[in-house]
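For reference, the structure discussed in these notes is given below.
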Protein chains: 2
Amino acid sequence: MEKKQDNLYVSTLARGLKILRAFDESHVSLSLTDLVARTGLEKSAVQRMAHTLHLEGMLERDPNTRRFHPSHAWLQLAYAYYWSDPVIASALPKLIEFSHANGETINLAQMSGDHIIYSLRLPNHRTHFASSIVGRRLPALNTAAGRVMLSTRSDAEISEACASWPVVQRTPKTLTDRAEIGNSIRAARQDGFCITRDQMLLNEISLSAPVKGTDGVAHTAVQISISAIAVNEDEVVEKFLRPLLDTTAGILG
Amino acid sequence: MEKKQDNLYVSTLARGLKILRAFDESHVSLSLTDLVARTGLEKSAVQRMAHTLHLEGMLERDPNTRRFHPSHAWLQLAYAYYWSDPVIASALPKLIEFSHANGETINLAQMSGDHIIYSLRLPNHRTHFASSIVGRRLPALNTAAGRVMLSTRSDAEISEACASWPVVQRTPKTLTDRAEIGNSIRAARQDGFCITRDQMLLNEISLSAPVKGTDGVAHTAVQISISAIAVNEDEVVEKFLRPLLDTTAGILG
DNA sequence: ACCTTAAGTATTAAATAATAATACATACAG
DNA sequence: CTGTATGTATTATTATTTAATACTTAAGGT
């Protein structure tokens with residue numbers, strides 16, 4: 001990624017982006033040397049890039065600790081994204097409707113390569129823990145939303161994905177057997193939904209339905225998260241599948 | 001901004017950022033020539049920057065129209081921001097609580113220079129219109145949240161802000177008289193809240209309370225939006241001020 | 001309080017890597 | 001089908017970035 005046979009490629013810009021991407025969920029504040037370590041860039045390169053990003057308002061700098069943080073500008077970019085994606089505008093009112101009618105946490109997920117990314121979330125009142133997951137990426141094969149979206153693709157694509165896409169063990173019960181994941185996806189194709197349990201979080205049931213485009217393929221899915229303490233999978237399907245499908249039906253993929 | 005007496009400033013990176021910032025609410029998809037027009041950069045500069053951003057996954061390119069769009073990476077940056085800001089984690093559960101108890105749209109706003117930026121929103125079921133406002137920036141003086149945050153600052157700062165910060169007329173009823181805005185801010189200091197009407201949107205009442213830090217100054221505020229069709233300002237204060245103050249009290253500024 | 005080490009900041013010569021000009025190709029419209 | 005506009009490709013030139021290093025400030029241990 002550093003050197004390409006491409007005379008339009010501006011490596012300086014790529015280096016600057018690398019700085020931005022060094023920040024994530026578990027790296028919320030980075031010093032100059034942290035950035036050097038995380039990006040693999042030269043010390044002086046990091047110095048110049050971070051300095052420029054700071055002047056341009058893309059990085060906050062704590063004058064005491066001299067550490068860098070993401071700035072509000074990062075939210076502004078998300079704002080631009082939201083307006084650029086017509087699915088968001090179509091989905092939001094439907095999700096609000098569902099959330100109020102059913103009182104459960106509901107998310108919009110989109111396919112992003114071999115991951116899903118959450119693009120909207122309406123948390124319910126039982127969501128005690130601070131859970132900003134908008135913008136979070138998860139391996140598609142590990143998630144109900146990813147599988148249900150995959151299930152709308154061709155057999156060849158499904159096989160290919162099951163064979164090569166990443167699978168990450170997040171809980172002791174995470175399904176890592178690729179054949180079984182394949183079965184789950186093919187079941188989802190039959191059922192029109194996918195339900196998982198304990199995959200990313202213990203005691204979490206996840207039910208997802210696809211938002212299909214005109215070609216029948218889904219790049220978007222709606223997903224709800226339910227605590228498995230009180231109910232089992234069958235009860236979740238029983239209770240929430242119908243309203244969930246009503247919700248997806250109202251969204252223009 | 002193009003040329004600085006600063007040998008650490010990497011202008012190439014700044015040019016690349018300019019491309020990203022060319023996208024907003026009303027510019028969701030830009031062609032190469034659009035980008036040239038909006039950024040003021042050379043055609044070939046835009047070509048190289050956009051190309052690089054595309055390869056780096058920061059810009060989507062429609063193969064048919066050859067237009068560029070924001071990519072999912074823009075959401076990912078927002079995700080990193082969320083985790084970097086401790087106020088978000090503190091505020092989110094409180095906002096959820098309020099939203100469920102009161103059923104009204106509630107937002108978190110933060111001061112960002114002379115603007116406010118919305119960093120969280122929980123829409124209510126009456127929010128028909130697609131309203132993703134997270135990341136939206138508005139002139140602080142025009143908003144209840146901005147005024148109530150300002151009201152926690154010194155008189156000197158308030159005067160300075162009233163004199164020099166931007167004021168934008170968004171509706172026929174938007175308050176543009178700077179003296180009156182000053183009065184509104186000083187009233188907010190006495191009251192501990194600020195209420196406005198018809199400022200950014202007609203028939204919208206906005207009630208906001210500050211989240212003060214240990215020094216008594218607020219960089220954050222909570223704000224609710226209520227339709228003025230059914231109720232008037234007094235009724236809004238009567239009904240929602242107490243729960244709103246309870247909410248802000250629970251947030252660590 | 002001092003010394004030692006690490007981290008951050010500033011400077012500069014060298015040359016790479018970005019630039020801008022322009023030519024070429026493709027799409028679009030009348 | 002022709003003309004115009006928009007997007008793509010190429011290249012010589014040099015301005016800009018680079019990397020090395022010196023300097024300064026902060027942090028940590030005894």
Tell me the interatomic distance from [X], atom [atom1], to [N], atom [atom2], rounded to whole angstroms.
X	N	atom1	atom2	result
Asp62(B)	dG7(D)	CG	P	12 Å
Tyr9(A)	dT19(C)	OH	P	14 Å
His51(B)	dT6(D)	NE2	P	21 Å
Phe68(A)	dT9(C)	CZ	C1'	11 Å

Excluding sequence neighbours, so at least two apart, what forms side-chain contact (heavy atoms from CB on, under 4.5 Å) with Asp62(B)?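 With neighbours one apart ignored, the set is Asn64(B), Thr65(B), His69(B).
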Given DNA chain D, 5'-ward residue of the pair Thr33(B) and Leu8(A), judged by closest heavy atom: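 First, find each residue's nearest nucleotide; the 5'-ward one identifies Thr33(B).
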Starting at the 5' end of DNA chain D, which residue's closest nucleotide do you reach first, Leu13(B) or Leu32(B)? Leu32(B)
Do any N or O atoms from the side chain of [X] and from the backbone of [Y] form a donor-acceptor pair under 3.5 angstrom?
X	Y	result
Arg136(A)	Ile116(A)	no
Ser90(A)	Pro86(A)	no
Arg147(B)	Leu141(B)	yes

Atom CG in Leu138(B), atom CD1 in Ile133(B): separation rounded to 0.5 Å? 7.5 Å
Indicate the atoms forming the closest heavy-atom contact of Arg178(A) with Cys162(A), along with that distance.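 That would be NH1-O, 2.7 Å.
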Could you pull out the protein-nucleic contacts involving nucleotides 18-28 of chain D (nitrogen or oxygen on both sides, under 3.5 Å)?
from, atom 1, to, atom 2, distance (Å)
dT18(D), OP1, Thr12(A), OG1, 3.3
dT18(D), OP1, Arg15(A), NE, 3.3
dT18(D), OP1, Arg15(A), NH2, 3.1
dT18(D), OP2, Arg48(A), NH1, 2.2
dT18(D), OP2, Arg48(A), NH2, 3.1
dT18(D), O5', Arg48(A), NH2, 3.3
dA19(D), N7, Ser44(A), OG, 3.1

